[in-house]
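Structure first, then comments.
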Amino acid sequence: MSTRRTRTIVAALAAVLLAGSVAACGNSDTGGGDGGDGKIVLGFSQVGAESGWRTANTTSIKEAAVEAGIELKFDDAQQKQENQIKAIRNFIQQKVDVIAFSPVVESGWDTVLKEAKDAGIPVILTDRAVDSADKSLYKTFLGSDFVKEGRLAGEWLVEQTKTATGPVNIVELQGTTGSAPANDRKEGFAAAIAANPNLKIVASQSGDFKRADGKQVMEQFLKANPDIDVLFAHNDDMGLGALEAITAAGKVPGKDITIITIDAVKDGMQALADGKFNFIAECSPLLGPQLMELVKKVEAGEEVPARIETEETTFTQEQAREALPNRKY
């Protein structure tokens with residue numbers, strides 16, 4: 001029996017039992033529900049619109065919902081956890097069938113997720129995970145392996161610098177503080193470069209996944225560390241912002257400073273094809289179709305895997321030139 005049908009039966013029984021008292025009080029409650037059209041209703045809370053990746057992710061979700069015949073209630077959290085918690089509670093009040101969201105940060109979700117569970121509404125995590133010890137609070141997590149992305153970036157750098165005899169100074173533009181991709185990409189990269197003792201991270205700071213912040217932080221890095229050999233940016237947008245700072249400092253991006261990023265959005269791929277970036281580990285934003293299939297399954301009460309990983313690759317400069325003409329985002 002589907003989750004929605006179960007809740008409908010429970011609600012109907014409750015209505016019968018309470019009909020007398022409701023009539024006596026003279027109140028009426030039109031309630032939430034799907035308006036009688038039979039569509040699955042999905043409440044989705046997005047992180048925000050901080051990058052080209054996020055914009056492509058939102059477009060994929062909206063288009064896939066239309067294609068799947070799912071009614072989407074969409075909320076933009078503007079990169080604030082309190083906004084997401086409020087949105088999830090609103091979805092619970094509206095009695096949506098399924099809730100999905102991409103968490104701004106990893107911690108602090110147990111209370112609101114328990115509220116959704118108690119209301120009988122299944123939750124799907126997309127793109128980013130949470131650190132809750134109670135895995136029953138959500139049905140599944142659909143997204144990338146961020147540790148792997150950081151590791152692939154680090155392994156490429158280790159290969160490129162295997163003949164280095166002196167120190168290789170690295171600066172790191174981290175994503176949003178406390179977020180899963182920032183934590184995991186940092187972890188994966190650090191583990192990989194440990195294979196070469198010449199590789200040293202001399203500065204690491206958050207650029208909040210934003211292009212403007214990437215430029216600002218890179219300007220600070222360049223002033224404090226005149227001998228930077230490598231930039232590792234946790235996403236393309238921060239790397240693109242850093243390009244402006246590097247050029248303004250009279251250095252040649254991609255040559256004087258090796259630039260490694262993650263995402264592979266069009267602007268980043270163009271910078272790679274142009275020789276301004278040197279390597280990108282892909283993180284696909286096109287999760288919409290997979291998400292809608294999961295929504296249908298969990299709403300129907302079907303079992304789904306606890307972890308579903310998206311298929312991704314890496315790009316060198318030559319590979320970016322080949323891929324760009326058919327790039328969807």
Side-chain angles (χ1 to χ4, degrees), residues 1-11 14 32-34 40-48 54 57 61 65 70-147 175-184 187 287-288 290-310:
M1 183 178 289
S2 74
T3 303
R4 177 159 43 147
R5 194 172 297 120
T6 301
R7 290 202 303 274
T8 301
I9 292 170
V10 171
D34 58 20
I40 296 172
V41 181
L42 169 65
F44 184 85
S45 177
Q46 181 61 283
V47 171
R54 191 63 57 188
N57 181 242
I61 289 166
I70 291 173
E71 181 180 335
L72 178 66
K73 293 182 182 293
F74 184 89
D75 179 84
D76 182 339
Q78 300 179 339
Q79 291 188 285
K80 295 180 180 179
Q81 184 179 32
E82 59 267 32
N83 290 347
Q84 285 198 305
I85 291 173
K86 181 180 178 181
I88 292 169
R89 286 183 171 141
N90 284 339
F91 293 150
I92 293 170
Q93 290 176 354
Q94 293 171 43
K95 301 177 183 178
V96 301
D97 297 307
V98 181
I99 292 171
F101 74 111
S102 181
V104 174
V105 294
E106 287 189 288
S107 302
W109 300 103
D110 283 26
T111 299
V112 73
L113 290 180
K114 189 174 186 305
E115 290 171 18
K117 182 180 178 181
D118 290 344
I121 303 175
V123 174
I124 298 172
L125 305 179
T126 71
D127 173 44
R128 300 180 179 186
V130 298
D131 62 5
S132 174
D134 185 355
K135 305 303 180 186
S136 74
L137 295 178
Y138 57 92
K139 292 294 183 181
T140 185
F141 165 53
L142 167 66
S144 304
D145 185 336
F146 300 132
V147 175
T176 303
T177 302
S179 69
N183 293 342
D184 293 353
E187 176 189 333
L287 306 183
Q290 280 180 287
L291 174 59
M292 298 311 148
E293 285 303 310
L294 284 172
V295 167
K296 290 179 179 179
K297 288 180 178 179
V298 299
E299 195 281 329
E302 295 180 27
E303 290 295 320
V304 295
R307 174 76 168 88
I308 300 171
E309 187 175 330
T310 51

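We number each residue from 1, following the sequence as shown. What's counted below: heavy atoms across the whole structure, side chains too, no hydrogens, waters or symmetry copies.
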Contact between Q84 and K86 at the side-chain level, heavy atoms closer than 4.5 Å - yes or no?
no
Could you walk me through whether I40 and E71 satisfy the side-chain contact (heavy atoms from CB on, under 4.5 Å) test, starting with their C-alpha distance in whole Å, then the side-chain angles of each, then the deciding distance to 0.1 Å, before giving a yes or no?
CA-CA 6 Å; I40 296 172; E71 181 180 335; over 6 Å; no
Could you give me the CA-CA distance, side-chain angles and deciding distance for K117 and E115, then say whether salt bridge (Lys or Arg N to Asp or Glu O under 4.0 Å) is met?
CA-CA 5 Å; K117 182 180 178 181; E115 290 171 18; over 6 Å; no
Please confirm whether the backbone N or O of E106 pairs with a side-chain atom of Q81, one donor and one acceptor, at under 3.5 Å?
no
Exercise: identify the closest heavy-atom pair between V104 and Q79:
CG1-O, 3.7 Å
Test side-chain contact (heavy atoms from CB on, under 4.5 Å) on L125 and R307; report intermediate values, then the result.
CA-CA 10 Å; L125 305 179; R307 174 76 168 88; over 6 Å; no
Quick one, P181 and R128 - any side-chain contact, counting heavy atoms below 4.5 Å?
yes
Enter the distance from L113:CG to I88:CD1 here, rounded to the nearest 0.5 Å.
6.0 Å
For T140 and V304 the tightest heavy-atom approach is CB-CG2, 3.9 Å
Salt-bridge criterion met for D118 and K114 (N-O under 4.0 Å):
yes
Does L291 reach the side chain of I124, with side-chain heavy atoms less than 4.5 Å apart?
yes
Is atom NZ of K135 surrounded by more than 12 heavy atoms (other residues, nucleotides or ligands) closer than 6.0 Å?
yes
One should read off an interatomic distance between L287 CG and L294 CG, to the nearest 0.5 angstrom, of 10.0 Å
Closest approach of A116 to I99 (non-hydrogen atoms, all atoms of both residues)
CB-CD1, 4.3 Å
With a 6.0 Å cut-off (strictly less than), is the heavy-atom count around CD of E82, excluding the residue itself, greater than 12?
yes
Any heavy-atom pair between the side chains of K139 and V123 that's under 4.5 Å?
no
Nearest 0.5 Å please: distance from the CD1 atom of I61 over to the OG1 atom of T126.
5.0 Å
Value for CG (N90) from CG (N83), rounded to nearest 0.5 Å, stands at 10.5 Å
Testing the 3.5 Å rule here: is there a donor-acceptor pair between the side chains of S136 and D134?
yes
Test F101 against every option in W109, F44, Y138, F91 by the ring-ring contact (aromatic ring centres under 6.0 Å, His included) rule and name the one that passes.
W109
Given side chains that start at C-beta, do those of Q46 and D75 come closer than 4.5 Å, heavy atoms only?
no
Do I308 and F141 have side-chain heavy atoms sitting under 4.5 Å apart?
no
Heavy-atom check, side chain of L72 versus side chain of V41, under 4.5 Å:
no
Strictly distance-based, threshold 3.5 Å: is any side-chain N or O of D184 a donor or acceptor partner for the main-chain N or O of F146?
no
Note: E299-K297 ion pair, threshold 4.0 Å (strictly below):
no
Are side-chain heavy atoms of K95 and I121 found at a separation under 4.5 Å?
no
